[in-house]
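Below is one structure, written out as structure tokens, with a few remarks after it.
Just so it is clear, the model here is predicted, and its values are computed rather than measured. In what follows, every chain begins at residue 1, and chains take the letters A, B, ... in the order their sequences are listed.
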2 protein chains.
Amino acid sequence: MTQQRRDLVDHVFQQHDHFDADDLIERLPPKTESGCVSRPTVYRTLVELVDAGLLRKMDLEGRAVYEHDYGYPQHDHLYCTGCHSLIEFRSDELVNMRKTLAKNHDFRVTGHRLIITGLCRNCQTARRRTRRRVDMI
Amino acid sequence: MTQQRRDLVDHVFQQHDHFDADDLIERLPPKTESGCVSRPTVYRTLVELVDAGLLRKMDLEGRAVYEHDYGYPQHDHLYCTGCHSLIEFRSDELVNMRKTLAKNHDFRVTGHRLIITGLCRNCQTARRRTRRRVDMI
DNA sequence: CTAGGTGCAAAATATTTGCACTGGT
DNA sequence: ACCAGTGCAAATATTTTGCACCTAG
């Protein structure tokens with residue numbers, strides 16, 4: 001348990017949000033007095049946190065996005081292509097569907113990933129008014 | 001409409017399967033007398049086929065995977081982490097769920113992607129017997 | 001002390017782009 | 001001839017790795 005890992009873990013679990021490796025790197029330097037954590041260390045630590053079951057990883061437009069896993073209920077996401085935000089939702093139907101499918105296809109399910117793409121409320125109206133900025137975070 | 005595009009489109013639509021840019025490039029050379037199609041051309045053509053609505057693209061483990069779209073019913077996939085195969089399935093429940101969610105969240109849905117991960121029948125038994133090879137292609 | 005962790009630089013992977021050339025119409 | 005399409009090489013973007021050094025336990 002080094003200082004770098006402590007910094008990373010602290011920031012990661014400060015609030016429940018979605019982030020990628022770059023977000024993490026950009027957020028860290030200003031908040032730590034010990035200088036910034038190097039890119040390889042961030043990637044290596046993320047792998048370990050995922051393996052340890054503390055984070056969940058998903059691929060979004062070619063990049064790896066992470067969110068809390070440990071202690072969080074299973075859920076899926078609405079993804080807004082306007083502001084690139086992820087909105088969480090839960091669905092028991094989906095879990096049941098998964099069970100049925102597993103049985104029908106003799107498939108041993110280990111997990112799933114559902115992303116529903118579209119425009120969130122804000123981006124629907126923003127698009128009408130003005131050219132919205134496509135900035136992230 | 002050039003010879004390269006004709007070759008590409010011919011191969012892509014010869015059978016309904018899932019492939020990535022590399023698969024396509026490897027499959028083409030032996031079958032065409034006109035030499036192989038260059039990598040940039042493959043990528044450029046794939047983009048156009050997706051834009052034209054002929055192919056669907058999905059991100060799987062960081063790589064772009066394509067499948068037929070035009071004329072094919074909407075469906076989702078079971079993904080076997082053993083043999084890396086994609087098994088298609090249809091679900092009307094899912095479509096209904098999507099509608100309900102869209103309404104509840106005031107979200108304008110444009111599409112979705114569901115991938116259920118696990119082990120297919122073969123890989124379940126193979127795993128018990130012997131250490132299966134995780135070779136690709 | 002010593003094993004695991006870190007940072008730098010470089011490699012690996014996947015995809016995209018600048019640009020001059022070429023082939024289809 | 002013209003213009004879209006092509007190939008090469010190089011650029012991008014993201015993530016991974018080799019390796020020498022450092023530090024927590």
Side-chain angles (χ1 to χ4, degrees), chain A residues 1-12 18-52 54-67 79 81 84 86 113 134-137, chain B residues 1-12 18-52 54-67 79 84 86 113 115 134-137:
Chain A
M1 203 27 72
T2 61
Q3 188 56 42
Q4 287 92 326
R5 293 201 175 178
R6 213 182 317 279
D7 287 351
L8 279 172
V9 171
D10 283 353
H11 284 282
V12 162
H18 304 87
F19 61 90
D20 62 21
D22 253 2
D23 293 336
L24 206 46
I25 290 163
E26 279 161 31
R27 280 188 232 158
L28 269 162
K31 298 191 175 184
T32 60
E33 66 302 308
S34 51
C36 67
V37 180
S38 71
R39 192 167 291 274
T41 295
V42 169
Y43 278 103
R44 280 186 285 232
T45 305
L46 285 174
V47 168
E48 288 178 46
L49 291 177
V50 170
D51 289 347
L54 295 175
L55 291 182
R56 292 222 299 167
K57 177 184 179 178
M58 71 184 112
D59 285 316
L60 199 55
E61 297 178 339
R63 314 160 80 249
V65 176
Y66 300 85
E67 67 177 352
Y79 175 61
T81 52
H84 297 172
L86 285 165
R113 198 112 262 169
V134 188
D135 47 18
M136 72 258 72
I137 308 211
Chain B
M1 201 29 70
T2 62
Q3 188 57 43
Q4 288 93 325
R5 293 200 175 180
R6 213 183 316 281
D7 288 351
L8 278 172
V9 171
D10 283 352
H11 284 284
V12 163
H18 304 87
F19 60 91
D20 61 22
D22 254 2
D23 293 336
L24 206 47
I25 289 163
E26 280 161 30
R27 280 188 230 156
L28 269 162
K31 298 190 174 181
T32 59
E33 66 302 307
S34 49
C36 66
V37 179
S38 73
R39 192 169 291 274
T41 295
V42 169
Y43 278 103
R44 281 187 282 233
T45 305
L46 285 173
V47 169
E48 287 180 44
L49 292 177
V50 169
D51 288 347
L54 296 175
L55 291 181
R56 291 222 300 166
K57 177 184 178 177
M58 71 183 112
D59 285 316
L60 199 54
E61 297 179 336
R63 311 157 83 247
V65 176
Y66 301 85
E67 67 177 352
Y79 175 62
H84 298 170
L86 285 165
R113 198 112 265 167
I115 293 184
V134 187
D135 46 20
M136 72 260 69
I137 313 232

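When the side-chain hydrogen bond (donor to acceptor under 3.5 Å, both in side chains) test is applied to Asp59(A), no partner is found at least two apart in sequence or on another chain.
Arg5(A) comes within 4.0 angstrom of sugar-phosphate atoms only, judged by non-hydrogen atoms across all strands, and of no base.
Residues Arg39(B) and Glu48(A) both approach DNA chain C. Their nearest nucleotides, taken by heavy-atom distance, put Glu48(A) toward the 5′ side. Of the two residues near DNA chain D, Asp22(A) and Pro40(A), the one whose nearest nucleotide lies more 5' is Asp22(A). Where Val47(B) and Thr41(A) each meet DNA chain C at their nearest nucleotide, the meeting point lying more 5' is that of Thr41(A).
Within the structure, a side-chain polar atom (N or O) of Tyr43(A) is placed less than 4.0 Å from OP1 or OP2 of dT15(D). Remark: Ser38(B) is not in phosphate contact with dT6(D), judged by side-chain N or O atoms under 4.0 Å from OP1 or OP2.
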One character per nucleotide, please: for nucleotides 20-25 of chain C, 5' to 3', B when the base has a protein heavy atom closer than 4.0 Å, S when only the sugar-phosphate does, - otherwise. ------
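For a distance-only test at 3.5 Å, the side chain of Arg44(A) fails to qualify as a donor-acceptor partner of the base of dG4(C).
A heavy-atom distance below 4.5 Å is not found between the side chains of Thr2(B) and Thr41(B). Between Val12(A) and Phe19(A) the shortest side-chain heavy-atom distance falls below 4.5 Å.
Non-hydrogen atoms lying under 4.0 Å from DNA chain D are contributed by Arg63(A), Ala64(A), all within residues 55-64 of chain A.
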